[in-house]
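Each remark here refers to the structure printed beneath this line.
We count ligands from 1, going down the list as the structure has it; atoms in each ligand are counted the same way.
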Amino acid sequence: MADKYDLVIRRGKVFTPSGVSEADIAVAGGRIVALGDLADIKAEEVIDAQGLHVLPGVIDTQVHFREPGLEYKEDLASGTAGAALGGVTAVFEMPNTNPSTTTAEALGDKLDRAKGRAWCDHAFFVGAAKENLNDLAKLERLPGCCGIKIFMGSSTGTLLVEDDETLLSVLSQGSRRIAVHSEDEYRLRERRKIVEAEGASVHLHPEWRDVETAVNATRRLLDLARKARRRIHVLHVTTAEEIPLLAACHDLATVEVTPQHLTLAAPDCYDTLGSLAQMNPPIREARHRDALWRAVSQGLVDVIGSDHAPHTLEEKQKPYPESPSGMTGVQTLLPLLLDHMHHGRLSLERLVDLTSAGAARLYNILGKGRIALGYDGDFTLVDLAARRTITNDWIASKTGWTPFDGREVTGWPVATIIRGHVVMREDALLGSPLGAAVRFAECL
Ligand code: DOR
């Protein structure tokens, strides 16, 4: 055992691969160095976690932080501040910034910008484009890169790989798991007239980007991935119809759902939130939400990502379809899931699998995703009984809003600890932004 400890967390209910039991945890040099009854040891900092659960640090594998290019919506400092306040210890950020992250220089620029400004650990996706096709195998292995992202359907930004030929070429470069936004661009173009008609309302969003739009793309994607023998990760799955397709291909495909698709349903969300509920792929009717919950409980879903995609309220208030798609989410991911757990929709074991272990497993993250000896000292301390109300005031995003404003939840993150540093306690950021790049087995 080390003779000097930086942090000891005492008497929390600690979630380890062996189960949940009361234990102390000691961290030195950023790593977990002792677990168990550590009553006799001393440390620089001691946290009394009695009554709290100590979970592996939450990893959000889908956020859009807008830097560089659209910093008026969000930047790496504000986005990661929201993450830390929401109990998130690491984020994977998407490439649809301006410029898009499609080169080694753009990736390096993001990593540089994050230094000394990011409140949590981070990695960045490289976007697949026709221009960088031949570089993808090299790009995906650069330090700080979590993998390649494909947009099959256009959303915010200019990244797009819509045709089968280019998709197959992308899937044939490199070997890491590729993350995909699966909506069929051809069908989106064909159906765009639905929302361009006079008086179109946001209620038509799931009509334009309909079930077939998602299913067609996922079917094509699975066929192409099979041909290329490439592992893929299907982001924000939204339809009941995709579930059996994905279940039949679990050898190739992992699955993400978002808290908003598990929480909201059409048409109510559009009645009450208008275009604040507009995102791609859309929030759909309750039968899809129910199917996503079944996929969560039956084990098909691997991770929950927030798809944090901030746009200002002013932009969101533009008349549909000019209103941009996306909503904040990194800060509310965990409170919403804890509340769903309180209502019996998932167990604590499932929640941890979806928010930390799942991410580590599918992206081959080193040193994160579980509380275990030698792993990073990343912890999310939660009070499962705390009753709180989510409000816009609490949201650190520059856009200052959440679609869940006013929602009461049971369960709340009360501390965020990253490599032994306490960066959030009782809704306040502490210390300084010390986020570092996440490490991956495939980038060693
Ligand atoms: O609604 C969305 N917004 N979906 C996406 O795929 C992109 C995101 C954004 O960046 O705004």
Review point. Among protein heavy atoms, which lies nearest atom 7 (C) of ligand 1, and at what distance?
Key: S155 OG, 3.3 Å
Check your understanding: Any idea which part of R66 is under 4.0 Å from ligand 1, heavy-atom wise: side chain, backbone, both or neither?
Key -> side chain
Check your understanding: Under 3.5 Å, is there a donor-acceptor pair between the side chain of T61 and the main chain of F92?
Key -> no
Check your understanding: When you look at R176 and E140, which way does the salt bridge (Lys or Arg N to Asp or Glu O under 4.0 Å) test go after all the steps?
Key -> CA-CA 7 Å; R176 289 182 79 180; E140 71 170 3; 5.3 Å; no
Check your understanding: What part of H181 sits under 4.0 Å from ligand 1 if we count only heavy atoms: the side chain, the backbone, both or neither?
Key -> side chain
Check your understanding: Which protein heavy atom lies closest to atom 3 (N) of ligand 1, and at what distance to 0.1 Å?
Key -> S325 O, 2.9 Å
Check your understanding: Any idea which atoms of ligand 1 are less than 4.0 Å away from a heavy-atom of F151?
Key -> 6 (O)
Review point. Looking only at protein heavy atoms, which one is nearest to atom 9 (C) of ligand 1, and how far off is it?
Key: T156 OG1, 3.1 Å
Exercise for review: Kindly indicate whether the side chain of V91, heavy atoms from C-beta on, has any atom under 4.5 Å from the side chain of F65.
Suggested key: yes
Point to revise | Aromatic ring pairing F151/H64, orientation class (parallel under 30°, perpendicular over 60°, tilted between) | key: tilted
Exercise for review: Please indicate whether any nitrogen or oxygen in H64 is less than 3.5 Å from any nitrogen or oxygen in ligand 1.
Suggested key: yes
**Study point:** atom 8 (C) of ligand 1: nearest protein contact (heavy atom, Å)
**Key:** A309 CB, 3.6 Å
Check your understanding: Relative to the ring of H122, is the ring of F124 parallel (under 30°), tilted (30 to 60°) or perpendicular (over 60°)?
Key -> tilted
Point to revise | Ligand-residue contact atoms, ligand 1 with M279, heavy atoms, under 4.0 Å | key: 1 (O)
Check your understanding: Counting heavy atoms only, which part of H311 comes closer than 4.0 Å to ligand 1: side chain, backbone, both or neither?
Key -> side chain
Review point. Ring centres of H53 and F15 under 6.0 Å apart?
Key: no
Check your understanding: So, R287 side chain and A240 main chain: donor-acceptor pair closer than 3.5 Å or not?
Key -> no
Revision key, fill the gap. The closest protein heavy-atom partner of atom 1 (O) of ligand 1 is N280 N, 2.8 Å
Practice item. Spell out, as yes or no, whether a donor-acceptor pair under 3.5 Å connects the side chain of T380 to the backbone of G87. Key: yes
